[in-house]
K.L.:
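Okay, here's the structure, questions in a sec.
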Amino acid sequence: MSWDIIVENLGFYAQGAKLTVILTVASLAISFVLAMPLALGRNSHNPFLRNAIALYTLVFRGTPLLVQLFLIYYGLAQFDLVRESLLWPWLSSALVCVILTFVLNTTAYTTEIFAGSLRHLPVGEIEAARAYGMSPFTRARRILLPAMLTRSLTLYGNETVMMLHATSLASTVTLLEVTGVARNIALNYYIMFEPYVTAAAIYLVLTLVLVLLFQFAQHRWAGYLQARL
Amino acid sequence: MLGGYVISVLAAGWITLSLAFVSLILAVVIGIAAALARLSRSRALRVTATLYTSVVRGIPDLVMMLLVFYSVPALLSQAAQDWGYDVYIEFSPFGAGAATLGLIFGAYMAETFRGALMNIPKGQLEAAEAYGLGRFRIFWRILLPQMMRLALPGFTNNWLVLAKATALVSLLGLQDVMFRAKGAAEATAKPFTFYLLAGGFYLAITAISLFILSRAAKRYELGEKELAR
């Protein structure tokens, strides 16, 4: 066993963990903001809007994340139009492509989670808001979104764990997050056991932190739902 | 000229599908065993099964795959050399992929099956025991048929995620749809076209599975719906 190599390289693991956390938090934060209006649109009366969003979530939930990542990172370069556009400096960077793919992917899942809990809201709550004369915007802000978010907490917690784990795919397009660091160390020192076990342990700890955070959030914001049972 | 590449990508579909089915069978067997272990009277079994499901669900699929493909053989080879045998152990990508996916989705299936088993009324078990049915017969004739119906939504979800997760095995070198798409993308300099083709293949699996499994759900719910009315 050569754990001393791992100890020597702990600094790289720390940097990798930092990138993993940055990728996870950035993707989740952007997708959280996008998913709220999309969830409202997914249940809207306008069939065009509703079906367009449904098609988006079907495509991104129905294909592997790896395909989506390669499609965006390697695929876009096929078009001269993209290569000559002003966006190319950004689109040729692995970091931007990774975050773009993760956001598109996790927004699709989050939208469906939010839209699902929106459909299960008690009708009375919405009727009461209408009876108070709230405008559609006030209704969404004060009634629909808070009730939707608290009801989604459990499923959304699972989605954040999935997102944390999905960041490991960033290593396939050269980014050095935890998995990328582990691969590098495995190849440089030609040891196959210790680097990956260390990476797995880091993910386990990060997952545990996320789970505990969501248990706290559940207790803090969704307690009123449990009291009823 | 492109046609040949398209056929070579789609021809690899059977490798993707057979990997997915082998993994699914493994996952169902492991899942049922772990679900029964978690609900058993033996404390040791319960703790082992809980540890298994939580550790496996805390590690990303890709890292798990690298662990099984690189770390486990390295460990086994090391152990063999320590015992004085000069052998080098290596796993095939298909074997390692199926084992990993079976192990990962076994944990998810265990949670699905456990939830389904817990929703079967206790009185039925007591009645079966009172009739003098053996433990195996209770499982086969009382638990399993109802578990199929109750677990179907979760099972559908797990299967869809599993089918997409097979794309990761291309990173170990298995010549599946994703691997061939990468090859074709590099050979023809048309990455977008071929990753889109691969995406279409997985989307088709998703659509066909959803169609078949929603019909199965209707079939299993036949008796239920009438009673609920």
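In the text below, chain A, chain B and the rest are named by the order of the sequence lines, each starting its count at 1. These numbers come from the heavy atoms of this one structure, side chains and all, not from hydrogens, waters or symmetry mates.
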K.L.:
Tell me if the CG atom of A:L86 is crowded by more than 12 foreign heavy atoms within 6.0 Å.
P.N.:
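No, the 6.0 Å shell around CG holds no more than 12 heavy atoms from other groups.
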K.L.:
Which of parallel (below 30°), tilted (30 to 60°) and perpendicular (above 60°) describes B:Y195 and A:Y74?
P.N.:
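Tilted, since the angle between the ring planes falls between 30° and 60°.
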K.L.:
Does A:S168 reach the main-chain N or O of B:L62 with its side chain, forming a donor-acceptor pair under 3.5 Å?
P.N.:
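Looks like no, no N/O pair under 3.5 Å.
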K.L.:
Can you tell me which of A:T63, A:V211, A:T207, A:T179 forms the most heavy-atom pairs within a distance under 4.5 Å of chain B?
P.N.:
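Going by pairs under 4.5 Å, I would pick A:T63.
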K.L.:
With a 4.5 angstrom heavy-atom cut-off, could you sort out which part of B:A167 is near chain A: side chain, backbone, both or neither?
P.N.:
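Contact with chain A involves both backbone and side-chain atoms of B:A167.
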K.L.:
Would one find more than 12 heavy atoms of other residues, nucleotides or ligands at under 6.0 Å from atom CD of B:E90?
P.N.:
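Counting other residues, nucleotides and ligands, CD of B:E90 stays at 12 neighbours or fewer.
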K.L.:
Can you tell me which portion of B:S71 sits under 4.5 Å from chain A's heavy atoms? Options are side chain, backbone, both or neither.
P.N.:
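Contact with chain A involves both backbone and side-chain atoms of B:S71.
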K.L.:
Is B:L160 close to chain A through its backbone or its side chain, or both, or neither, when contacts mean heavy atoms under 4.5 Å?
P.N.:
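No part of B:L160 comes within 4.5 Å of chain A.
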K.L.:
Near A:F12 CZ, under 6.0 Å, is it more than 12 heavy atoms from other residues, nucleotides or ligands?
P.N.:
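No, the 6.0 Å shell around CZ holds no more than 12 heavy atoms from other groups.
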K.L.:
Given heavy-atom pairs under 4.5 angstrom as the criterion, report whether the side chain, backbone, both or neither of B:T193 touches chain A.
P.N.:
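Interface part for B:T193: both.
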K.L.:
If you round to the nearest 0.5 Å, how far is CZ of A:F79 from NZ of B:K190?
P.N.:
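B:K190 atom NZ to A:F79 atom CZ measures 9.0 Å (nearest 0.5 Å).
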K.L.:
Select, from A:R183, A:M192, A:E194, A:Q68, the one with the greatest count of heavy-atom pairs under 4.5 Å involving chain B.
P.N.:
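Looking at each of A:R183, A:M192, A:E194, A:Q68 in turn, A:M192 comes out on top.
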K.L.:
What is the distance from atom OH of A:Y203 to atom CD1 of B:I59, rounded to the nearest 0.5 Å?
P.N.:
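Answer for the OH-CD1 pair, A:Y203 versus B:I59, is 11.0 Å.
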K.L.:
Does B:W14 have more than 12 heavy atoms from other residues, nucleotides or ligands lying within 6.0 Å of its CH2?
P.N.:
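Open: at most 12 neighbouring heavy atoms sit under 6.0 Å from CH2 of B:W14.
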K.L.:
Considering non-hydrogen atoms only, spot the tightest contact between A:R61 and B:K164 and give its length.
P.N.:
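Closest pair (atom of A:R61, atom of B:K164, distance): O-NZ, 2.6 Å.
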K.L.:
Report the distance from atom CG of B:D61 to atom CE of A:M162, rounding to the nearest 0.5 Å.
P.N.:
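Going from CG on B:D61 over to CE on A:M162, the span is 7.5 Å.
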K.L.:
Keeping B:K182 on the side-chain end and A:F70 on the backbone end, is there a donor-acceptor pair under 3.5 Å?
P.N.:
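No; judged by distance alone, with no hydrogens or angles, the pair does not exist.
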K.L.:
Which value, rounded to the nearest 0.5 Å, describes the distance between A:L71 atom CG and B:F194 atom CZ?
P.N.:
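Rounded to the nearest 0.5 Å, the CG-CZ separation comes to 13.0 Å.
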K.L.:
Please indicate whether A:W90 has more than 12 foreign heavy atoms, meaning atoms of other residues, nucleotides or ligands, lying under 6.0 Å from its CH2.
P.N.:
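At most 12 heavy atoms, drawn from other residues, nucleotides or ligands, come within 6.0 Å of this atom.
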K.L.:
When you measure from the side chain of A:H165 to the backbone N and O of B:G58, does any donor-acceptor pair fall under 3.5 Å?
P.N.:
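Between the backbone of B:G58 and the side chain of A:H165 there is a qualifying donor-acceptor contact (under 3.5 Å).
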K.L.:
Kindly give the heavy-atom pair with the smallest separation between A:L66 and B:S170, and that separation in Å.
P.N.:
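Heavy atoms only, the tightest pair is CD2-OG, 4.0 Å.
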K.L.:
As an exercise: rank A:L169, A:L206, A:V161 by heavy-atom pairs under 4.5 Å with chain B and give me the winner.
P.N.:
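When all of A:L169, A:L206, A:V161 are compared, A:L169 has the most.
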K.L.:
In this structure, are over 12 heavy atoms from other groups packed under 6.0 Å from A:L212 atom CG?
P.N.:
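Enclosed.
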K.L.:
With a 4.5 angstrom heavy-atom cut-off, could you sort out which part of A:V205 is near chain B: side chain, backbone, both or neither?
P.N.:
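Neither part; nothing is under 4.5 Å.
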K.L.:
Hey, which of A:T167, A:L204, A:L58, A:I191 has the most heavy atom pairs under 4.5 Å with chain B?
P.N.:
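Of the options given, most contacts go to A:L204.
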K.L.:
Can you pull out the residues in residues 171-178 of chain B with any heavy atom less than 4.5 Å from chain A?
P.N.:
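Near chain A, by residue number: B:L171, B:M178.
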K.L.:
How far does CG of B:L75 sit from CZ of A:F193, to the nearest 0.5 angstrom?
P.N.:
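These two atoms lie 4.5 Å from each other.
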K.L.:
Measure the CZ-CG distance between B:F192 and A:L76 for me, rounded to the nearest 0.5 Å.
P.N.:
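Answer for the CZ-CG pair, B:F192 versus A:L76, is 6.0 Å.
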K.L.:
Between A:T172 and chain B, with a heavy-atom cut-off of 4.5 Å, which part of the residue counts as in contact: side chain, backbone, both or neither?
P.N.:
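Looking at A:T172, just its side chain touches chain B.
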K.L.:
Show the nearest heavy-atom pair for residues A:G62 and B:T206, with the distance to one decimal.
P.N.:
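Scanning both residues, the minimum pair turns out to be O-OG1, 3.0 Å.
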K.L.:
I'd like to check A:V178 versus B:V63 (side-chain heavy atoms, cut-off strictly below 4.5 Å). Are they in contact?
P.N.:
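Contact flag for A:V178/B:V63 side chains = no.
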K.L.:
Is B:V161 close to chain A through its backbone or its side chain, or both, or neither, when contacts mean heavy atoms under 4.5 Å?
P.N.:
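Neither; nothing under 4.5 Å.
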